[in-house]
Colleague: 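The structure under discussion is supplied below as structure tokens; questions concerning it will follow.
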Amino acid sequence: MEYLRLATLIRAYAVRMTHRGKSGHVGSSLSMADLISVLYTKILRVNPSQPDWQERDRFILSKGHAAAGVYVALAEKGFFPKDWLDTYYQDNGRLSGHISHHVPGVEFSTGSLGHGLPVAAGMAINAKRKNKNYRIFALLSDGDCNEGSTWESIMFAAQHHLDNLIAILDYNKIQALGRSKDIIDLEPLTEKLKAFHWAVKEINGHNYQQIEDALTNVPLESSKPSFIIAHTIKGKGVSFFEDTVSCHYKYANEEELEKAYNELGVKI
Amino acid sequence: MRSVFNKTLLELAKKDDRIFMVLADIGYGEIEPFAQAFPDRYFNVGVAEQNMTGIACGIAMEGNIPVTYSIANFPTLRCLEQIRNDVCYHNANVKIVIIGGGVAYGPLGISHHSTEDLAIMRALPNMVVLAPSDLAEASEATKAMIKYDGPIYYRCGYKKEPPIHEDSIDFKIGRAITVCDGTDAGVIYTGTIGYNAKLAVKELDKKGIKCRFISMHTVKPIDSEIIVKAAKETGAIITVEEHNMMGGLGGAVAEVLMDSNLTNIKCKRIALPDVNISKVGSQEWLREQYGMSPQGIADTIEKTVRQK
């Protein structure tokens, strides 16, 4: 139930924050809310009172436009006061629209796609060379997988057997201008990644048990980096956003905000 | 110069296990000693400059000093966004080294020229821009670069650059070196074109034109003090760089003069024109084509001084 509680809060706050900021990308936060909830509840070894703890797991949100969702999890975990959430996208705000390392608990700033996995791979190879036990997670989007730099790092990670590196794809199959299959079809993705010598597992990215099982059992294979393809629905949890391209851009109006709260069963 | 850089880096790496080399399948005949001495701190990422920079940034974020390395514009332009967003925004301790600044790889063509690098790199917040001009500067710049905590762009020469400094040098990032004094003009250069400028200054000396000859090995942060002083004391500033006319050393010096209200002096930029170079030839031949032979530089300096 803890997973559902945090995921619901992530969703409700993401709708509220983007509503207040009149900002886009709410669908991207809703899509990954269950993944983020399990990561921050059970999987990531992080310490809110010591964000720079050397032995922490590193988590990089490569789809930096979904910052709102991660900010909620960090606030809930106690990395920073919850009232910061209302400053998202505001003048002199604490929280920018794309994820920023100036926020406690954020490992790395991203925004332009294709940056997260190379940096995560650099951290992973350093950890290997220094015999460190922490893991490095990178959460990617469909659009991330269009970028050549992502595939450069996919090749690098396999070459160096980085089994401390875990890529998670929030595979909602929608990108900025439409359905991924109509723009750059990533399929057959599992076969591609296996051909690139990654260990691959497909899960339902909204099924807590499947998420927990997959992320608890990494590396999926020793000596290989792990790629978890999480099938998700963009805008998940808010009916009028679900599986729409437009939720990459639109934010909820007053009426829609109340409707979203009702659907989620929370009021902030 | 690239051999001096590699040898100096190797010596530094023996004493500092934070130094990594992350390169993109370039460096034959130069990087092997590092690779053999420190296989755990050496990565060839393949022909993938974006990943090279991202990997280096990840290594730097963990407290290390990675050096990215390739030729001409490969480690800067292909991966410019990684340099901007990953390296500079995080103030990551990544050192970006290019071999063959300017038109050092002349006959290879424009794809292998690095003629916009100073302008582009110095436009990035947090970035330090170094362009050593001879082997003495190259060695000292390497040491200073590793000692400095933060992103640095290091524009290295290619080979057999003749000495400019006759005495030992005191190399400090951000502090230019006066090679010789003079009162008729301040001639400020950066990088390996400095040798041609030196020959020009020597030639002019025979004609009674005494130049203050300054090595601006650090293009950013630029040594404003030495520029202002030279401008006030000589009344003429000429910059010399193997770089596009736009935004490089000449631009940086002009910014200093403008901000200091020193607009009543004679100024001239000696640089490459704002064109895509399609002429084929060696570095020295190309320099001559664009007015940067010793004679070409001397002529421009003399003309400028005569206008005072």
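Below, read A as the first sequence line, B as the second, and so on, with proteins coming before strands; counting in each chain starts at 1.
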Colleague: With a cut-off of 6.0 Å (strictly less than), are more than 12 heavy atoms of other residues, nucleotides or ligands near NE2 of His101(A)?
Modeller: yes
Colleague: Looking only at heavy atoms, what is the nearest atom pair of His115(A) and Asp86(B), with distance?
Modeller: ND1-OD1, 2.8 Å
Colleague: Looking at Ile60(A), Ile136(A), Thr150(A), Ile125(A), which makes the most heavy-atom pairs under 4.5 Å with chain B?
Modeller: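 Winner by heavy-atom pair count: Ile125(A).
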Colleague: Between Phe108(A) and His90(B), how do the two ring planes meet: parallel, tilted or perpendicular, split at 30° and 60°?
Modeller: parallel
Colleague: Between Gly58(B) and Met123(A), which heavy-atom pair has the shortest distance, and what is it?
Modeller: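 Reported closest heavy-atom pair: O-CG, 3.5 Å.
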Colleague: Would you say that more than 12 heavy atoms from the other residues, nucleotides or ligands in this model lie under 6.0 Å from the CZ of Arg122(B), or not?
Modeller: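 More than 12 heavy atoms, drawn from other residues, nucleotides or ligands, come within 6.0 Å of this atom.
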Colleague: Just so I understand: if I count every heavy-atom pair under 4.5 Å between each of Ser109(A), Ser153(A), Ala121(A) and chain B, which residue has the most?
Modeller: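 Going by pairs under 4.5 Å, I would pick Ser109(A).
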Colleague: Can you tell me if Lys132(A) has over 12 outside heavy atoms packed within less than 6.0 Å of its NZ?
Modeller: no
Colleague: Give the member of Gly122(A), Ser100(A), Ala124(A) that has the highest number of heavy-atom pairs under 4.5 Å with chain B.
Modeller: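 Answer, by heavy-atom pair count under 4.5 Å with chain B: Gly122(A).
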Colleague: At their closest point, which heavy atom of Glu152(A) faces which heavy atom of Asn51(B), and how far apart are they?
Modeller: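 Smallest heavy-atom distance, with atoms named: OE1-N, 2.8 Å.
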Colleague: Counting only heavy atoms not in Asn217(A) (residues, nucleotides, ligands), do more than 12 fall under 6.0 Å from its CG?
Modeller: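 Above 12, so yes.
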Colleague: How far apart are the C-alpha atoms of Asn64(B) and Lys130(A), what are their side-chain angles, what is the distance that settles it, and do they pass the side chain to side chain contact (heavy atoms under 4.5 Å, CB included) test?
Modeller: CA-CA 11 Å; Asn64(B) 301 296; Lys130(A) 305 263 171 79; 2.7 Å; yes
Colleague: Taking atom CE of Met246(B) as the centre, report whether more than 12 heavy atoms of other residues, nucleotides or ligands fall under 6.0 Å from it.
Modeller: no
Colleague: Is the shortest side-chain N to carboxylate O distance from Glu62(B) to Arg58(A) below 4.0 Å?
Modeller: yes
Colleague: Answer yes or no: does atom NZ of Lys128(A) have more than 12 heavy-atom neighbours from other residues, nucleotides or ligands under 6.0 Å?
Modeller: yes
Colleague: Side-chain contact test, heavy atoms from C-beta onward, threshold under 4.5 Å: evaluate it for Ser149(A) versus Gln82(B) and give yes or no.
Modeller: yes
Colleague: Measuring from atom CD of Glu81(B) to atom CG of Leu113(A), what distance do you get when rounded to the nearest 0.5 angstrom?
Modeller: 9.0 Å
Colleague: So do Tyr89(B) and His102(A) actually touch side chain to side chain, heavy atoms under 4.5 Å?
Modeller: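 Yes. Closest side-chain heavy atoms under 4.5 Å.
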Colleague: Counting only heavy atoms not in Lys173(A), do more than 12 fall under 6.0 Å of its NZ?
Modeller: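 Result for NZ/Lys173(A): enclosed.
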Colleague: Is the number of heavy atoms from other residues, nucleotides or ligands within 6.0 Å of NZ (Lys279(B)) greater than 12?
Modeller: yes
Colleague: Between atom NE2 of His98(A) and atom CG of Asn85(B), what is the distance when rounded to the nearest 0.5 Å?
Modeller: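 Answer for the NE2-CG pair, His98(A) versus Asn85(B), is 10.5 Å.
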